[in-house]
Protein chains: 2
Amino acid sequence: MKRKMTIQEIARLAGVSKATVSRVLNNRGGVSPETRRKVEEVIRLYSYTPNLVARGLSLKRTSSIGLIVAHTAERLSSHLFFIEFLRGISAILDERGFRLIVATAESEDRYETSCRSMAEGGVVDGVVVLGVRRNDKRLRYFLRAGIPVVTVGRPIGFPRVDYVDVDNAGGARVATEYLLRLGHGEILFINGPREHTASLAREKGYRAAFRALRREVDEGLIVYGDFSFESGYETVRGFLARGKAPSAVFAASDLAAMGAITAFKEAGIRVGHEVSVIGFDDIPYAHFFDPPLTTVRQPIYEMGKEAGRILLLRLEGDTGSERLHKTFPTQLIVRESTIRS
Amino acid sequence: MKRKMTIQEIARLAGVSKATVSRVLNNRGGVSPETRRKVEEVIRLYSYTPNLVARGLSLKRTSSIGLIVAHTAERLSSHLFFIEFLRGISAILDERGFRLIVATAESEDRYETSCRSMAEGGVVDGVVVLGVRRNDKRLRYFLRAGIPVVTVGRPIGFPRVDYVDVDNAGGARVATEYLLRLGHGEILFINGPREHTASLAREKGYRAAFRALRREVDEGLIVYGDFSFESGYETVRGFLARGKAPSAVFAASDLAAMGAITAFKEAGIRVGHEVSVIGFDDIPYAHFFDPPLTTVRQPIYEMGKEAGRILLLRLEGDTGSERLHKTFPTQLIVRESTIRS
DNA sequence: ACTTTGCTTGAAACCGGTTACAGCAAGGAG
DNA sequence: CTCCTTGCTGTAACCGGTTTCAAGCAAAGT
């Protein structure tokens, strides 16, 4: 454990001033070639690296951005979303020398303090907020502190905040139309939570599909869940118990779709033969499932990358005041859980 | 976007000096009750929060710790491990007001720079290293820089580095014995990569089970994979193609077990009826699988928590020079992929 | 020979906190 | 009434960088 070198010591050893060392470190001009060489020599010799905290204080930017996760104890589907997203954003940040600070919290009040300290402590230059809600309190902290924000999902109530999103309505519509075209008249729609913006958009898509094919929506077939396996499982069990077996299910998450399929299986109904089920997300397990799941793929990794790109663009400041955003298309991945009716 | 307050301005507004404000902020003694009240009043009024970067520079600690992930583009099994682990460690760090910086990298050389800057830039007080290998280069950086390290998995070659681990040998032994006791004579062992320490320990456990029951190990039944679905799938396909259908499989990961099961299914062999398969990990999908997977559970969340605890203990400094470590027990979770032979 | 120009360099201020130390007032002991 | 605590507070140095500004100096221009 060598003691940590400072710029001052390097300067002394190279026989120059701190200012010159700083110029060399940051490739500023105005240093003679020989001085530069000499300083670089000393830096290499002592394998000096500048203290990033001190640099951060001086520059008022830290080259790190925060990733604000809704709740640590979130559901599995969120986990898989999270990990893919993380990979995407890391790829970009890493490339540009930025660090990623992940903020999570077990409880609601801890969450607040965690957000506040991140917003006001000057430890991050910008943040990406996952699982944004209507009039999200968290956003206010960051905006008030003047920290650039990119949300994942359209931030309703914040018309100027940058975001990345996925075409939820379009994806849901394509999936629903696919089922309708397969000849399924009644499609049970197991949606996410009512307050979730994504849920609303997906419901819109579901209805649009019926409208496009001039069919009536049976309101009794729209059910709100929470994206979980259990919500799919219980919903289908409930329908089967009441003797109302739907011929097709469109679930707003792959997990819920898997739950639905499991319920059908237990009732001896073969999915992909007698009934069709479509999920949403295309989580990595979707194609290992039995039957392999037909689903609507979200390009989560790409969304992570794009969120990172937008944030960095903002940080570099060469953007106008126009809102930056990108909505990604979805893709229907047809596997074996769907069949012509 | 209000301009950010500094301690100086608060001091001026409260009619005291920076030092006094600092004392109030940190609950130091030696401040009269009325002064304290006055300062707190001003702080609240302007909802001032101290700049954590400046504090970090002054204190030479930043209250943030790094989580070093092997590679971003790792396999799915690692992902699920990662997310659970992250939840665990976050729970602890969060409780103690620490931030988590996640270091990942797409390529090997970026990875190096990322580690180095984290080790030497003074941005983290300590690190947790995931997926540690023999004589891991990364550890050297951190140790050289005097940064406390906790590894996940026993760090071979570093006898003084703290770690958390799971009883890989014990878990593998229990699983293997369970299969042997079910009457399976030949157990195909689809292990992880040879160089992985966990793989070695699991193989040891596999052999120990045979020895305990006075049976011979058939060396041809020990195969090295990479924990992936594909490695399980291909291995079983290979065996079936050569007409050597094993009656039981023990896979070193749930993913590999699922791959094996899929291969059996495709060959028309019913797992949980004709053959038995046991996995390792107990990933969240294990019980949704068809058949629900018998597996060896690792307490990943708890391991995350413990890693955090150990690291914080180290940072508080009130520990001796003794190595801190904890090895967690595994638990055999019997579901429906195993059957008496 | 004297000014101008341009390049290189260092001194010093600054970023926003923490803390050692000294000063000062009030209260108690002798 | 003096001396000594004791408690509160402010001054100033420090953490380790960046950056402004002025100065030094050599080459070029007049």
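This one's a predicted model, so the numbers in the text were calculated from it and none came from an experiment. Just so it is clear: chains get the letters A, B, ... in the order the sequence lines come, proteins before strands, and each one is counted from 1.
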Scoring nucleotides 21-28 of chain D by protein non-hydrogen atoms under 4.0 Å (B base, S sugar-phosphate only, - none) yields --------
Q. Within 45 degrees of the axis of the six-membered ring of B:Y141 and under 6.0 Å from its centre: does B:K137 put its NZ or CZ there?
A. no
Rounded to whole Å, the CG-P distance (B:N27 to C:dT18) equals 12 Å
Residues in residues 29-38 of chain B with a heavy atom under 4.0 Å of DNA chain D, by number, are B:G30, B:V31, B:S32, B:T35
Applying salt bridge (charged side-chain N to carboxylate O under 4.0 Å, His left out) to B:R309 and not counting sequence neighbours gives B:E306
request  = Would you please confirm or rule out a distance under 4.0 Å between OP1 or OP2 of D:dT18 and any side-chain N or O of A:K60?
outcome  = no
Separation of C:dC15 atom C1' from A:R61 atom CZ, nearest Å, is 13 Å
Separation of D:dT18 atom P from B:L57 atom CG, nearest Å, is 12 Å
Separation of D:dG17 atom C1' from A:L52 atom CG, nearest Å, is 10 Å
So, is the end of the A:K305 side chain (NZ or CZ) under 6.0 Å from the ring centre of A:Y301 and within 45° of the ring's axis?
no
The side chain to side chain contact (heavy atoms under 4.5 Å, CB included) partners of A:K38 (sequence neighbours excluded) come to A:V16
From CD of B:Q8 across to C1' of C:dG16 the rounded distance in Å is 9 Å
key: Distance test, side-chain N/O of A:Y48 to OP1/OP2 of D:dG17, below 4.0 Å   = yes
note: A:N26, atom CG; C:dT9, atom P; distance rounded to Å ~ 16 Å
On DNA chain C, more 5' by nearest nucleotide between B:N51 and A:T20 is A:T20
Fill in: Side chains of B:T327 and B:V166 in contact at under 4.5 Å (non-hydrogen atoms)
no
Residue set satisfying salt bridge (charged side-chain N to carboxylate O under 4.0 Å, His left out) with B:R96, at least two apart, ordered chain then number -> B:E316
*Is it true that B:E34 and B:R37 make a salt bridge, defined as a side-chain N closer than 4.0 Å to a carboxylate O?*
no
Applying salt bridge (charged side-chain N to carboxylate O under 4.0 Å, His left out) to A:R154 and not counting sequence neighbours gives none
Contacts of A:R323 meeting salt bridge (charged side-chain N to carboxylate O under 4.0 Å, His left out) (sequence neighbours excluded), chain-then-number -> none
Do A:V152 and A:D165 come within less than 4.5 Å of each other through their side chains, counting heavy atoms only? no
Between the CZ atom in A:R138 and the CE atom in A:M118, the distance rounded to the nearest 0.5 Å is 12.0 Å
By side chain to side chain contact (heavy atoms under 4.5 Å, CB included), B:E95 pairs with (sequence neighbours left out) B:I92
A:M5 CE to D:dG16 C1', in whole Å, measures 14 Å
Residue set satisfying ring-ring contact (aromatic ring centres under 6.0 Å, His included) with A:Y163, at least two apart, ordered chain then number -> A:H325
In numerical order, the residues of residues 11-19 of chain A whose heavy atoms come under 4.0 Å of DNA chain C are A:G15, A:V16, A:S17, A:A19
Is the distance from OP1 or OP2 of C:dG17 to the nearest side-chain N or O of B:S58 less than 4.0 Å? no
**Request:** Could you tell me whether the phosphate oxygens of C:dC15, OP1 or OP2, come under 4.0 Å of any side-chain nitrogen or oxygen in B:K4?
**Result:** no
Just to confirm, is there a sub-4.0 Å distance from OP1 or OP2 of D:dT18 to any side-chain nitrogen or oxygen of A:S22? yes
Rounding to the nearest 10°, end axes of the helix from C:dA1-D:dT30 to C:dG30-D:dC1 built from five pairs each make an angle of 60°
By side chain to side chain contact (heavy atoms under 4.5 Å, CB included), B:T197 pairs with (sequence neighbours left out) B:I156
A:I7 CD1 to D:dC14 C1', in whole Å, measures 16 Å
